[in-house]
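Take a look at the structure set out below.
The residues of the chain are indexed from 1 along the displayed sequence.
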Amino acid sequence: MDTEICIVGAGPAGATLSHFLTKEKINHIVLDKSSFPRDKICGDGITVDVLNVLKRISPELQERFTQESEMLPSWGFCFHASNGKELRYDFRDNGFPMAPFYTSRRLDLDDFLVRNLTDEYGKLLSESEVTGITRHDEGVDVTYVNGGVEHVIKAKMIIGAEGEKPIVTRHLGLEHFREKEHLIGALRVYYKNVKGFHDGNHLEFFFDKELLPGYFWAFPLSSNEANVGLGMVSSAISDKKVNLKKMLGHVIENNPKVARMFAEAEPLEKTRGWGLPIITPKRQIAGERFALIGDAAGMIEPFTGKGIGPGMMSARICSEHIMQALKDKDYNMTHYQEHMYRYYKSEIKRGYTLQKTLKYPIALNSVLGLSNLSAIKKWSHNKMVTEWNRWI
C-alpha cells in the first residue's frame, strides 16, 4: 500500500493533520490501535487555539463543533491562590461570537474530529498496531497488524501523533526525551454533582499550599459532570516524595473552597494517571522523513498543562512543512522543528517562569494579588479579548 504520508495516532493532533492534508489534497493514511469512540486521559479543557485551528480547517467545522451538545461553552477561568484569594476573568460581555473556552470529554472530542474526516484523500485504519518502521533512501516502510494480519505501508514520510508513548520514536531509534523537569505527572477523575461552579462554566484552578508546586483543577462538563485532577512536575514529585492519589483526596477534603464544591460529589471512575511531556527545545521532534506532533512532540504548556491546543497547532504547522517538502522533494523536516520552537518561544519562557513561582507560595500569591489590581486586571483582560477576537 503506497501513500504520501503515514500518520501514527488519530487523537486531536493526528486527526487535525489529516483534516489539513485532505484540504490540500495530499494522500495519506492514519493508523490507530484503538477503535473510536474511545476514552483518553486528559484535562478536557479546550482553548481559543483549538477554535482557531478548527476555523482554519473550515468555518463550517468550527460552527459544527460549537453546536455539539457534548461541548460545554466556558466563558472564563479562575486562579485560586493558596491564601484564599482568587483571580477571576469573565468574558461574557466582550462580544465574542462564541465562548473562548469549551470543555469536552476526550472521548467526545476525538470522536468529533475523526467522525468529520472524509476518505477522499485520507484513510483511517483503526485497530491497527504499528510493529515496525524502517527509513531508507526512497521513503519509509511502516508495518502494522490489523485483525491478526500483517500489512506494510510505503510512504514518503511518517508523522508520529501517538501521544506520550514513544512508538515512532522507538521504532526510529531516536532518544525518548523524559527528563523529570520537563514532565508533569497528573491524575484525573470524572465526578458528578460537583457544586458551586460559576454560572459562566469557568475553568477553576486551585494552588493549594499543601500541593504546591502543583495545582488542582475542576472543570465543568455537560450532564452535571466535571473533570477533576491535579498535576505536578515529576522532579518535584520525586524530591517531595508526593503520593498524587493521596494528595487528590487531601485537597478535596481539606481545602475549604474545594470541600464545599465536593460536599455532594460522587466519583464516576477510579483515579487515572498519565504523563504530560512539556514543551522544550531540548527534544528532537523532526528529522529526515519524520516529524512528531502533539504529545509525541511534547506539546504541553509548562504552567497549566494545556496540550490539546498546542497539539492541534503543531499539526497545522506541520502540514505546511509537509506541503513544502513534497513540493521540493526534500523530506528533511527540521524546518518544522525550528518553526515550532520559534512559534512557542514566548509561551515556553513565560510558562517555565510561572511554573517556578509555584515553588514559592508568597511569590505566587504576590503575582496573583498584583494581577488582581483594577488597572492591571483591566489591561490583561482587554489584551486577552483583543488577542482572542483575532484568533476566533
Side-chain angles (χ1 to χ4, degrees), residues 12 42-57 59 61-81 85-105 108-109 112 194-207 215-229 257 261 301-313 344 346-347 350-351 354 364 367-392:
C42 182
D44 294 343
I46 295 171
T47 46
V48 288
D49 39 4
V50 173
L51 300 174
N52 176 271
V53 171
L54 292 174
K55 185 176 182 180
R56 286 172 179 264
I57 295 170
L61 185 64
Q62 185 195 61
E63 180 67 20
R64 208 175 302 148
F65 170 85
T66 63
Q67 293 176 352
E68 290 268 326
S69 61
E70 295 84 2
M71 313 303 172
L72 184 71
S74 172
W75 290 94
F77 62 90
C78 183
F79 293 143
H80 298 264
K85 296 182 179 180
E86 64 179 43
L87 174 63
R88 185 177 297 277
Y89 291 92
D90 186 80
F91 303 97
R92 285 177 293 181
D93 298 327
N94 292 111
F96 286 116
M98 60 192 66
F101 311 108
Y102 283 79
T103 58
S104 169
R105 301 163 191 81
D108 298 319
L109 172 65
F112 169 83
V194 178
K195 306 296 184 180
F197 281 115
H198 189 278
D199 58 4
N201 298 323
H202 288 187
L203 310 177
E204 308 286 343
F205 297 87
F206 296 85
F207 300 102
Y215 58 91
F216 176 98
W217 72 79
F219 297 167
L221 295 166
S222 61
S223 304
N224 190 33
E225 296 182 6
N227 183 308
V228 177
K257 290 184 178 180
M261 295 178 69
E301 192 274 329
F303 182 57
T304 63
K306 177 183 76 171
I308 297 174
M312 292 174 66
M313 189 63 70
Y344 279 105
S346 61
E347 190 162 353
R350 181 171 62 251
L354 290 171
L364 177 62
V367 170
L368 294 181
L370 286 172
S371 300
N372 228 349
L373 293 175
S374 179
I376 296 177
K377 187 175 182 181
K378 182 178 180 180
W379 174 84
S380 59
H381 184 113
N382 290 339
K383 183 177 176 63
M384 284 185 279
V385 169
T386 299
E387 180 76 6
W388 295 345
N389 263 317
R390 182 174 63 84
W391 276 54
I392 293 176

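Residue pairs meeting the salt bridge (charged side-chain N to carboxylate O under 4.0 Å, His left out) criterion with at least one partner in residues 67-76, sequence neighbours excluded, are E68-R115. Under the side chain to side chain donor-acceptor pair (under 3.5 Å) criterion, no residue pair touches residues 369-378, with sequence neighbours excluded.
Judged by distance alone, the side chains of N227 and W217 do bring a donor and an acceptor atom under 3.5 Å apart.
The aromatic rings of Y89 and F91 lie parallel to each other, their planes meeting at an angle below 30°, with 60° marking the opposite boundary. The aromatic rings of W388 and F96 sit tilted, their planes meeting at an angle between 30° and 60°.
At distances below 3.5 Å, not a single donor-acceptor pair connects side-chain atoms of D44 with backbone N or O atoms of T103. Remark: side-chain polar atoms of Q62 are paired, donor with acceptor, to backbone N or O of L51 under 3.5 angstrom.
At a threshold of 4.0 Å, the pair K257-E204 does not count as salt-bridged, since none of the basic side-chain nitrogens sits closer than that to a carboxylate oxygen.
A 4.5 Å side-chain heavy-atom check between W75 and N94 finds every atom pair outside the cut-off. Between M313 and N52, the closest side-chain pair of non-hydrogen atoms falls below 4.5 Å. Residues S74 and H198 are not in side-chain contact: their nearest non-hydrogen atoms beyond the backbone lie 4.5 Å or more apart. You'll find the side chain of K306 stays beyond 4.5 Å of the side chain of V50, heavy atoms only. Using a 4.5 Å heavy-atom cutoff, the side chains of T386 and R390 are not in contact. Counting heavy atoms from C-beta outward, M98 and I392 have side chains that approach closer than 4.5 Å. In this structure, L109 and Y102 have side chains that are not in contact, with every pair of non-hydrogen atoms separated by 4.5 Å or more. For the pair P73/T66, no side-chain contact is recorded, criterion being any heavy-atom separation below 4.5 Å from C-beta on.
Between T47 and G309, the shortest heavy-atom distance links the atoms OG1-CA, 4.3 Å. Heavy-atom minimum distance, I376 versus L370: CD1-O, 3.3 Å. Listed here is the closest heavy atom pair of P97 and N389: CD-OD1, 4.3 Å. Shortest non-hydrogen contact noted between G45 and I308 is O-CD1, 3.7 Å. Across F65 and M71, no two heavy atoms sit closer than the pair O-CG, 3.3 Å. Here the closest non-hydrogen pair linking H202 and P220 is O-CD, 3.3 Å.
Here the CG atom belonging to D49 is positioned 7.5 Å from the CD atom belonging to E347, to the nearest 0.5 angstrom. Rounded to the nearest 0.5 angstrom, W391 CH2 and R56 CZ are separated by 8.0 Å.
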(request) In sequence, state the C-alpha distance, the side-chain angles, and the governing distance for F205 and F219, and then conclude on ring pair (Phe, Tyr, Trp, His ring centres under 6.0 Å). (result) CA-CA 9 Å; F205 297 87; F219 297 167; 5.3 Å; yes
